[in-house]
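Inspection log for the structure reproduced underneath, given as C-alpha cells.
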Amino acid sequence: MRVLLDRRNPASAGTDQVSDEQLAGLYAVPGADSWLRVNMVSTLDGAATGDSELSDSIHNEADNRVFGVLRSIADVVIVGAGTAAAEGYGPTDRPIVLVSRKGQVPEKLRGAEPGAVMLATCRAADGLTEAQSLLGADNVFVLGSHSVDLVALREHLVAQGLRRLHAEGGPHLLRDLLSSGVADELCATFVPRIVGGEHPRITAGPPVGTDLDLQLLLEDESTLLGRWFVRR
Ligand SMILES: NC(=O)c1ccc[n+]([C@@H]2O[C@H](COP(=O)([O-])OP(=O)(O)OC[C@H]3O[C@@H](n4cnc5c(N)ncnc54)[C@H](OP(=O)(O)O)[C@@H]3O)[C@@H](O)[C@H]2O)c1
C-alpha cells in the first residue's frame, strides 16, 4: 500500500509498503473533542454490494486491512440495523452501537457482555422492552420519537467518554449521518471491479447534499482508499 496524497503531511506522498502502525497514523483523527467517521466500500461502477448482495462480495485485502485499522483506533463502532442483520454482526473488541427504529437486536448481538452491545432507538420502537431486557436498560438509548436523533446520539456517546466514533454504514445510516450533519469524515474505498446489475450505492434514502474535501489517498494494487472530510 502506498501514499498517493496526504494533505496533512505532503512529504509522506510516495511512501510505499505502509505498515499497520503507519496506517493508524495516517488515519488518526484530528484533535477535535470528538470525531465521527464512516467507512464504506464500493466498486468502480458505484455498487455497494456484489454477487452475494452483501458488501463482503466486494471487499478485498486492502479494504479489509484498513477496515481493521479503523476499528482498532475507534472507541466505538456504530452500525445500522440493516447492516448488522445482513452481515451477521457479532460483538467485537470495541463496543457496538446498533441504530434501529424498530429496536430489534439481531440474534448474534444478543447475550454479549453488558455494555459490549448498545442500542440507539426511539420511543416508537416495537422492540424497546425486549431490547432493554436483552442488553440492560442502561445500554438502550431512547433518542427521538420515530427516528434516532443522531446529533443526540453523538452527544450521548461523547458524554460517556467515547470520542472516536466509527460508523460502518450501511447506506441508509450513512445518508442520515450526512443529512443530520453528524458525520465529519467519509473513508471510501474504490475496489477495481465492475459488477453491473442492480445494486445499492453507499447512500440510500432521500437526497442529501454534502461537499467533502480529499485529505488522504492510498493505493494498493489498483484499489483506491481515501479519507474525505465533510466541508464545514
Ligand atoms: N459497501 C459498503 O461499504 C456497505 C457498508 C455497510 C452495509 N452495506 C450493505 O448494505 C446493505 C444494508 O443496507 P441498509 O441501507 O439496510 O443498511 P443500514 O443503513 O445499516 O440499515 C438500515 C436500517 O438501520 C436503521 N436506521 C438507519 N438510519 C436510522 C436512523 N436515523 N434512525 C433509526 N434507525 C435507523 C433502521 O433499522 P430498523 O429497520 O431496525 O428500524 C433501518 O431500516 C447490506 O447489503 C450490506 O451488506 C454495504
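Computation of the quantities below employed the complete heavy-atom set of this structure, encompassing side-chain atoms and omitting hydrogens, waters and symmetry-equivalent molecules.
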Please round to the nearest 0.5 Å and tell me the distance separating atom CZ of R123 and atom NE2 of H146.
9.0 Å
Side chains of Q132 and L134 in contact at under 4.5 Å (non-hydrogen atoms):
no
Salt bridge (Lys or Arg N to Asp or Glu O under 4.0 Å) between D45 and R193, intermediate numbers included:
CA-CA 8 Å; D45 56 342; R193 193 172 155 73; over 6 Å; no
Answer yes if V3 and L225 sit in the same cluster of Ile, Leu, Val, Met, Phe, Trp and Tyr residues linked by side chain heavy atoms under 4.5 Å apart, and no otherwise.
yes
Is it true that a side-chain atom of T49 and a backbone atom of L54 form a donor plus acceptor pair closer than 3.5 Å?
no
Closest non-hydrogen atoms of D6 and S12, given as atom of the first, atom of the second and distance, are OD2-OG, 2.8 Å
Could you walk me through whether R8 and R227 pass the side chain to side chain contact (heavy atoms under 4.5 Å, CB included) check?
CA-CA 11 Å; R8 237 179 355 171; R227 291 183 79 179; 3.9 Å; yes
Out of curiosity, N60 CG to T43 OG1, how far, rounded to the nearest 0.5 Å?
11.5 Å
With side chain to side chain contact (heavy atoms under 4.5 Å, CB included) as the criterion, how do R232 and D184 come out once you've worked through the C-alpha distance, each side chain's angles and the decisive distance to 0.1 Å?
CA-CA 9 Å; R232 299 291 181 196; D184 295 305; 2.7 Å; yes
Look only at the side chain of E219 and the backbone of S222, and say whether a donor-acceptor pair between them is shorter than 3.5 Å.
yes
State, yes or no, whether a side-chain contact exists between L173 and V79 at a heavy-atom distance under 4.5 Å.
no
Check the pair D51, S57 against side chain to side chain donor-acceptor pair (under 3.5 Å), reporting the backbone distance first and the verdict last.
CA-CA 6 Å; D51 300 341; S57 46; over 6 Å; no
What one should report as the nearest heavy-atom pair of V208 and T210 is CG2-OG1, 3.7 Å
I need the H166 NE2 to N39 CG distance, nearest 0.5 Å.
5.0 Å
Would you mind reporting whether E185 and V230 have side-chain heavy atoms less than 4.5 Å apart?
no
Is R101 paired with D176 through a side-chain N to carboxylate O contact shorter than 4.0 Å?
yes
Minimum heavy-atom separation for L178 and A183, please, with both atom names.
CD2-CB, 3.9 Å
ILVMFWY network linking L44 to L224, side-chain heavy atoms under 4.5 angstrom:
yes
Would you mind checking if D213 and R7 are paired as a salt bridge, meaning a charged N to carboxylate O distance below 4.0 Å?
no
Has R163 got a side-chain atom pairing as donor or acceptor with D75's backbone, closer than 3.5 angstrom?
no
Between F141 and H156, what is the ring plane arrangement, given parallel below 30°, perpendicular above 60°, and tilted in between?
tilted
Flag yes if M40 and L70 sit in one hydrophobic cluster, no otherwise; membership is Ile, Leu, Val, Met, Phe, Trp, Tyr, and two members link when side-chain heavy atoms are under 4.5 Å apart.
no
Check the pair T203, H172 against side chain to side chain contact (heavy atoms under 4.5 Å, CB included), reporting the backbone distance first and the verdict last.
CA-CA 6 Å; T203 56; H172 283 93; over 6 Å; no
Atom of L218, atom of L26 and distance for their closest heavy-atom approach
CD2-CD1, 4.2 Å
Any donor-acceptor pair under 3.5 Å from R94 side chain to A74 backbone
yes
Please check if V29 and L165 belong to a single hydrophobic cluster, counting links between Ile, Leu, Val, Met, Phe, Trp and Tyr side chain heavy atoms closer than 4.5 Å.
no
Considering the options I96, L36, L150, L98, which one meets the side-chain contact (heavy atoms from CB on, under 4.5 Å) requirement together with I78?
L36
Between the side chains of R154 and D149, is the shortest nitrogen-to-carboxylate-oxygen separation below 4.0 Å, so that they form an ion pair?
no
Lys/Arg-Asp/Glu bridge criterion (N-O < 4.0 Å) met for K108, E87:
no
Quick one: does L5's side chain get under 4.5 Å of L214's, heavy atoms only?
yes
Do R71 and V77 make a side-chain contact, defined as non-hydrogen atoms from C-beta onward lying under 4.5 Å apart?
yes
So R37 and R164, do their side chains get closer than 4.5 Å, heavy atoms only?
no
Cluster overlap V142 with V117, hydrophobic side-chain contacts below 4.5 Å:
yes
Keeping the roles fixed (side chain from R110, backbone from V105), state whether a donor-acceptor pair exists under 3.5 Å.
yes
So does H59 get a backbone contact from the side chain of D63, meaning a donor-acceptor N/O pair under 3.5 Å?
no
For L128 and C122, which heavy atoms make the closest approach, and how far apart are they?
CD2-O, 4.5 Å
With side chain to side chain contact (heavy atoms under 4.5 Å, CB included) as the test, would you mind laying out the steps for L153 and V99 before giving the verdict?
CA-CA 9 Å; L153 173 59; V99 180; 4.1 Å; yes
Are any side-chain N or O atoms of T121 and backbone N or O atoms of A125, one a donor and one an acceptor, separated by less than 3.5 Å?
no
So, do D16 and V18 sit near enough that their side-chain heavy atoms are less than 4.5 Å apart?
no
Close side-chain approach of C187 to Y27, heavy-atom, < 4.5 Å:
yes
Quick one: CG on D211 to CH2 on W228, what's the gap to the nearest 0.5 Å?
14.0 Å
All heavy atoms of P192 vs all of E221, minimum pair found to be CG-O, 4.1 Å
Using only atom types and a distance under 3.5 Å, with no angle test, would you say the side chain of Q160 pairs donor to acceptor with the backbone of L157?
no
